Amino acid sequence: MHSILLSGSIVCCLLMTSSLLDAAAVNNVGKLNVAVRQASCQNNSNCYPLNITGIGLNIPSGQVSCGLQGQCVCSGNCFTLNGSICGYSKCGWYDPNSATCNSLTKSQTTAFLLSLFVSSLGVANFYIGQNGLGGGQLAILIATLAVSYLVCCLPCCIFCGGEKNEVKGSIAFIGGMCCVVVTILLCSFAMVAWWIADLVIFAQNGRLDGNGCALEKNL
């Protein structure tokens with residue numbers, strides 16, 4: 001009986017010891033993880049771009065800093081998070097001599113005005129570097145005018161010239177004019193719809209430029 005109690009006590013002690021060791025191990029792992037996370041940056045200089053040296057190290061803390069969680073914080077137009085540190089952004093360029101960030105973003109007001117007056121030519125989208133959208137707008141305009149001429153005007157010019165084909169010419173003329181009117185109406189509707197959509201988007205500063213940067217909000 002005594003041997004059974006003794007064996008049970010030993011087993012309980014072993015189980016308690018094992019539980020304590022497991023708890024300590026978990027606690028140590030947790031501390032290790034926290035240390036690793038905090039070790040990602042100890043001060044602001046740990047977050048600077050890799051190729052910046054000398055006078056360039058005077059980056060204001062408002063642009064590059066080591067956050068409370070040990071993670072690099074990049075702000076402004078000159079720096080963006082690149083992996084675990086800050087790298088140079090395409091939205092601006094950093095002048096180490098004056099320790100200032102010079103924005104390369106396009107003006108929201110300029111884009112809005114270009115869209116207001118010459119939207120169908122795609123100038124506003126060309127201005128902000130969205131060449132695909134600008135080219136699409138210009139291509140639609142040119143294609144619409146070309147198709148209107150080829151489909152609607154050429155038949156009229158071919159069949160409206162002779163007295164022998166007076167009836168045929170009249171029918172072609174009427175059909176051609178109807179086609180022209182319909183095409184012009186559709187073209188006008190499409191251009192006005194695109195014009196309004198661009199105005200709303202630029203007014204709300206909802207379109208990025210070709211480098212993926214937000215426009216300078218000055219409207």
Side-chain angles (χ1 to χ4, degrees), residues 44 47-52 54-68 71-149 181-219:
N44 293 350
C47 300
Y48 291 166
L50 294 177
N51 58 344
I52 192 167
I55 194 173
L57 295 175
N58 299 320
I59 300 177
S61 60
Q63 299 179 28
V64 174
S65 61
C66 180
L68 297 178
Q71 303 295 325
C72 294
V73 178
C74 320
S75 59
N77 290 322
C78 287
F79 303 98
T80 185
L81 193 63
N82 183 14
S84 60
I85 65 173
C86 295
Y88 291 109
S89 169
K90 295 181 180 179
C91 303
W93 63 278
Y94 176 72
D95 183 3
N97 295 311
S98 59
T100 56
C101 178
N102 301 281
S103 176
L104 296 178
T105 56
K106 302 296 184 180
S107 168
Q108 177 194 9
T109 300
T110 302
F112 179 83
L113 293 175
L114 289 174
S115 179
L116 178 63
F117 294 111
V118 285
S119 175
S120 59
L121 297 176
V123 177
N125 285 307
F126 283 128
Y127 164 71
I128 66 172
Q130 290 286 2
N131 297 330
L133 291 175
Q137 284 179 295
L138 186 59
I140 288 175
L141 176 63
I142 295 175
T144 301
L145 295 176
V147 169
S148 299
Y149 175 76
V181 171
V182 171
T183 304
I184 291 176
L185 289 176
L186 291 176
C187 177
S188 300
F189 176 79
M191 293 301 173
V192 170
W194 198 326
W195 174 61
I196 294 175
D198 269 0
L199 286 179
V200 172
I201 291 173
F202 286 123
Q204 297 178 344
N205 203 19
R207 181 168 294 166
L208 303 178
D209 66 13
N211 291 324
C213 306
L215 304 182
E216 182 182 356
K217 194 170 184 178
N218 52 17
L219 184 61

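Quantities reported herein were computed from a predicted structural model and do not represent experimental measurements.
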Any non-hydrogen side-chain atom of [X] less than 4.5 Å from a side-chain atom of [Y]?
| X | Y | value |
| --- | --- | --- |
| Tyr48 | Ile85 | no |
| Ile128 | Arg207 | yes |
| Gln63 | Cys74 | no |
| Asn218 | Ser107 | yes |
| Cys78 | Ser89 | no |
| Leu199 | Leu116 | yes |

Is it the case that the side chain of [X] and the backbone of [Y] share a donor-acceptor pair, with hydrogens and angles ignored and the cut-off at 3.5 Å?
| X | Y | value |
| --- | --- | --- |
| Trp195 | Ser115 | yes |
| Gln108 | Ala203 | yes |
| Gln71 | Cys66 | no |
| Asp209 | Gly212 | yes |

From [X] [atom1] over to [Y] [atom2], what is the distance, rounded to the nearest 0.5 angstrom?
| X | Y | atom1 | atom2 | answer |
| --- | --- | --- | --- | --- |
| Ile140 | Trp194 | CD1 | CH2 | 4.0 Å |
| Phe126 | Leu138 | CZ | CG | 5.5 Å |
| Cys91 | Phe79 | SG | CZ | 12.5 Å |
| Leu219 | Thr110 | CG | OG1 | 10.0 Å |
| Lys106 | Leu208 | NZ | CG | 14.5 Å |
| Asn102 | Tyr94 | CG | OH | 10.5 Å |

Checklist entry - After noting the C-alpha distance and the side-chain angles of Asp198 and Asn125, does the key distance pass the side-chain contact (heavy atoms from CB on, under 4.5 Å) rule? => result CA-CA 9 Å; Asp198 269 0; Asn125 285 307; 3.6 Å; yes

Checklist entry - If we ignore angles and hydrogens, is there a donor and acceptor under 3.5 Å between the side chains of Thr100 and Asp95? => result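 No, no side-chain donor-acceptor contact under 3.5 Å.
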
Next on the checklist: Could you tell me if Asn77 and Ser103 have a donor-acceptor pair between their side chains, going purely by distance under 3.5 Å?
Outcome noted: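 Side-chain D/A pair, Ser103 to Asn77: present.
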
Checklist entry - Can you list the steps and then say if Met191 with Leu141 is a side-chain contact (heavy atoms from CB on, under 4.5 Å)? => result CA-CA 8 Å; Met191 293 301 173; Leu141 176 63; 3.7 Å; yes

Item to check | Under-2.5 Å SG separation for cysteines Cys72, Cys47 | outcome: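 Answer is yes, sulfur atoms closer than 2.5 Å.
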
Next on the checklist: For a side-chain contact (heavy atoms from CB on, under 4.5 Å) check, start with the C-alpha distance between Ser65 and Val73, then their side-chain angles and the critical distance, and finish with the verdict.
Outcome noted: CA-CA 5 Å; Ser65 61; Val73 178; 3.7 Å; yes

Checklist entry - Could you go step by step and tell me if Asn205 and Glu216 meet the side-chain contact (heavy atoms from CB on, under 4.5 Å) rule? => result CA-CA 8 Å; Asn205 203 19; Glu216 182 182 356; over 6 Å; no

Checklist entry - Taking all atoms of both residues into account, what is the closest heavy-atom pair of Tyr127 and Ala111, and its distance? => result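 Scanning both residues completely, I find the closest heavy atoms to be CE2-N, 3.9 Å.
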
